[in-house]
Each structure stands twice: as structure tokens, then as C-alpha cells.
Number of protein chains: 2
Amino acid sequence: MTNLSTTSDDILACARSLIIAGGYNGFSYADIAEVVGIRKASIHHHFPSKVDLVRTLVFRYREEARAGFAELERTAADPRDQLSSYVGYWEKCIADASAPFCVCALLASELPVLPAEVAGEVRLHFETLSEWLTSVFERGAEVGIFRLSNPPQAEAEAFMAAVHGGMLSARVHDDPKLFGMITASMLDRLSN
Amino acid sequence: MTNLSTTSDDILACARSLIIAGGYNGFSYADIAEVVGIRKASIHHHFPSKVDLVRTLVFRYREEARAGFAELERTAADPRDQLSSYVGYWEKCIADASAPFCVCALLASELPVLPAEVAGEVRLHFETLSEWLTSVFERGAEVGIFRLSNPPQAEAEAFMAAVHGGMLSARVHDDPKLFGMITASMLDRLSN
DNA sequence: CGTTACCTACCTAGTAGTAGGTAGCCTGTC
DNA sequence: GACAGGCTACCTACTACTAGGTAGGTAACG
């Protein structure tokens, strides 16, 4: 049991799901206060400003993602396995509605109106993600598991784009399986 | 010269670019008023509520898109040409920053917090788009121009997802060429 | 004379954020 | 062991400002 209060974690978790639903301007301190069961002013005690809150939130998200990639490097058997574990993770998040969208993908869409500090964190996540995917595609091509018609970086970027666009399509059609269909189609082509 | 005032068109055009930048909750009547050079209250004369404004805007956007697809059906030589004209259109919009994001893709990301009327319009656009893309892929497969490893619908959805995700990546990296790289990678695979 | 397009002036509700207070809990010191 | 000081986590009550929206007036025009 940690000696740190769980309230700030509750605030972060709540803010995360509110951002996933409607982005940076889609929620307020009042919304969080109601869900967490705390007064608006008390949130300012934990996070002086909204920028502090969201910057912290994205920073943690980024660290979690990085840890997830490291975990996949250790556990997954080969590049193909790594990719399908990655999309499988998202399929689960979308299907059980626990996190039906990537926080950073959502924030990225409103990047021009985001406070600079938040925008910077979002950009860093995209770099982390595209670097990891590129390394996976490179390894897959080297080992001969993937047959790529384009440079690994281009394939990785296209794959990443399809994942983010897939989240969007699944949201619009309110159909988690659509995400699976799209990512499966992307994975299929890697060895044909 | 049309006998309709141009002010309401100015308002719509302004709102469109504001939505492209930051979504539904990312702009206000005050923002529009300042750009168009009119008072806030005067916008309510043309569009009683924000929902009216955005619903109208998305409806027109949807009609424009539909007209664009019809145009491509008439002018483009074959399915491959249609797809590359489609992505070429977006490449231009992104490169000259005239409309660096699809209005409906952006609104779709905040779908859960969107007013129902607007959400409905957005969903209709996605249907229009995925139906057209599916028909293009079907025709391409029939004629033998495309060699698909998955059903046309799955390929169309993956293509559409990559286009939307590509806009996101181009925005994050502030690099219009990234969109071209991603879509080129998608097009390449259709005949390999 | 009615309609259109705009205006000023306003309203209510909500926004992020602040000031200042209180209750509980450690911790160091006599 | 008692107690003072400081710290954390919360509170009520507020500020300044912005949001979308309204009431009612005016000037131009067919």
C-alpha cells in the first residue's frame, strides 16, 4: 500500500476518460469534481492549473506506453507477434470500452488549440510510438517475416495511421469489431 | 453573383477552419465574430444556435464530398486513378494548409460529447465515404487492377483509416509529406 | 411596410483559478 | 507524554472572465 493519497490518481484517471470522450476542451474541473466526489477547488490543490493536470496525465500515459513496448520486446516471440499483441491490446480496450481511444491521438487532432506544454508531450508520444513501430518493421524485414513493398519507416507510419484511423471508424460506427477488421487487414498484408 | 448574402457563407467558412483547428468545443461565436468582422449577436441572426451552425456546416461538407465523389466517377480513368485523385486532393489541402484536416474526422474524434444532430451528420459522412471507397475497391478487384488479400470492404475501411490517421500524423509532425508517404504506401500495396 | 441584416446591451450559466480557513496527522522538543 | 509547528488535504466563498443566447432597436431596401 502506497503512502501517497489516491485522490490525485483518481483525478488523473477521471480526466483521462473525460479526454478520451471529448478532448481538452471537452471537460472541466467541475466535471472531474462531480465524478471524484471532491470540490472543484481541491483539484487545484493537486494540479494548480488544467495545463498541469493534462501535462502530467499525458506524461504518465507516455511512460506507460513506453513500458508496454519494453514489455512486448521481452515477451513477444517475433515482430509479427509484437504487432498483433499491440493491436490486441487496443482491441480489448475498445471492446470493453475501458479506453476506446488513444489519449494522444485524440489530443493530437486538436493540436493547434492545445497549450504548448501539452502539445509537446503529445508530440513526444507520437515519436516514441513511431520509433518503436519502425524498429519492429525493420526487424521483421531483416528476419524475413515481413515482405515490405516500401521502406520500414513508411510501412510503420502507414500501420500507425491505420490504427488511429481505425479507432476513429470504430467510434463512428460504434462497432469495436471494425477496429479489428482494419488492423487484421493491415497485418495480413505483411506476409503476402 | 448570388443574391444571397455572403455573410452566412463567411460565417460557415470561418467556423469550418476553426473546427479544423480545434473541434466543436475549440471555438466560440466570439472567435467567428472577430474574424468575420461582425458582432456576436449577428451570428445568431444567421444561425440561431451553435448546433444549427455546425449541423449546416457538416451537411454542406457532406454534400460537397458527395459531389466530389461523383466528379471522380466521371473524370477518373480507373479505380486506381480515383483513389490517387482522392488522396491527391487531400495532399493539396494539407500542403497548402487550406484545410489540413477532414472536418468530419475531427468531429468524429469528439463524437461522444457532440450534440446529437451534429453527431448524426458526421456519421452520415462516414457512411458516404466508406460506401464510395468500398465501391471503388470492388470495381478495382473485379477489373483486376487491384489484388486484394481481404474483402473489398475490409480493404476500403483500412484505406480510409490510413487516410484519417495520416492526417493526424501529418499534423503531429507538422509534415505534409508524411501524409503522402502513408497514402502512397497504401496505394502501392494494391497491385503488388 | 415588411423584411433583412445588422447593432447595443443584456442575461444566465459555466469557465479556470484564488483567498483564506479548518481538521487531522506527523515530528521534534522540553 | 504533552504540546507546538508545520504540512496535507480538503473545504466555502469568491473573483474575473467567457460561453451561448436574447430583447429590442435601427437603417437600408424592394
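Quick note on labels: first sequence line is chain A, next is B, and so on, each numbered from 1.
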Check your understanding: Is B:S42 near enough to C:dA5 that one of its side-chain N or O atoms lies under 4.0 angstrom from OP1 or OP2?
Key -> no

Check your understanding: Side-chain heavy atoms under 4.5 angstrom apart, residues restricted to Ile, Leu, Val, Met, Phe, Trp, Tyr: same cluster for A:Y24 and B:L18?
Key -> yes

Revision key, fill the gap. Taken in chain and number order and not counting sequence neighbours, the residues that satisfy ring pair (Phe, Tyr, Trp, His ring centres under 6.0 Å) with A:H44 are A:Y29

Study note, to complete from the structure: Expected string for nucleotides 25-30 of chain D under the B/S/- scheme (protein heavy atoms, under 4.0 Å, primed atoms plus P, OP1, OP2 as sugar-phosphate) is ------

**Study point:** side chain to side chain contact (heavy atoms under 4.5 Å, CB included) partners of B:N150, counting only residues at least two apart
**Key:** A:S185, A:D188, B:A154, B:E155

Review point. What is the distance, rounded to the nearest whole Å, between atom CZ of A:R39 and atom P of C:dT22?
Key: 18 Å

Practice item. Take atom CG of B:N25 and atom P of C:dA13, then tell me their distance rounded to the nearest Å. Key: 20 Å

Exercise for review: Would you mind listing every side chain to side chain donor-acceptor pair (under 3.5 Å) that reaches into residues 122-140 of chain B, with sequence neighbours excluded?
Suggested key: B:E73-B:W132, B:E73-B:R139, B:Q82-B:R139, B:S135-B:R139

Point to revise | B:H45 side chain near C:dA5 phosphate (N/O to OP1/OP2, under 4.0 Å) | key: yes

Check your understanding: Does A:T7 place a side-chain N or O at less than 4.0 Å from the phosphate oxygens OP1/OP2 of D:dA9?
Key -> no

Review point. Quick one: ring pair (Phe, Tyr, Trp, His ring centres under 6.0 Å) partners of B:F159, sequence neighbours excluded?
Key: B:F137

Exercise for review: Go through the structure and list residues passing side chain to side chain contact (heavy atoms under 4.5 Å, CB included) with A:A70, not counting sequence neighbours.
Suggested key: none

Review point. Can you list the residues that meet the side chain to side chain contact (heavy atoms under 4.5 Å, CB included) rule with A:S28, with sequence neighbours excluded?
Key: A:A30, A:D31

Point to revise | Footprint string (nucleotides 14-21 of chain C, 5' to 3'): B base within contact, S backbone only, - free, heavy atoms under 4.0 Å | key: -SBBB---

**Study point:** Contacts of B:F59 that satisfy side chain to side chain contact (heavy atoms under 4.5 Å, CB included) - sequence neighbours left out
**Key:** B:R62, B:E63, B:E121

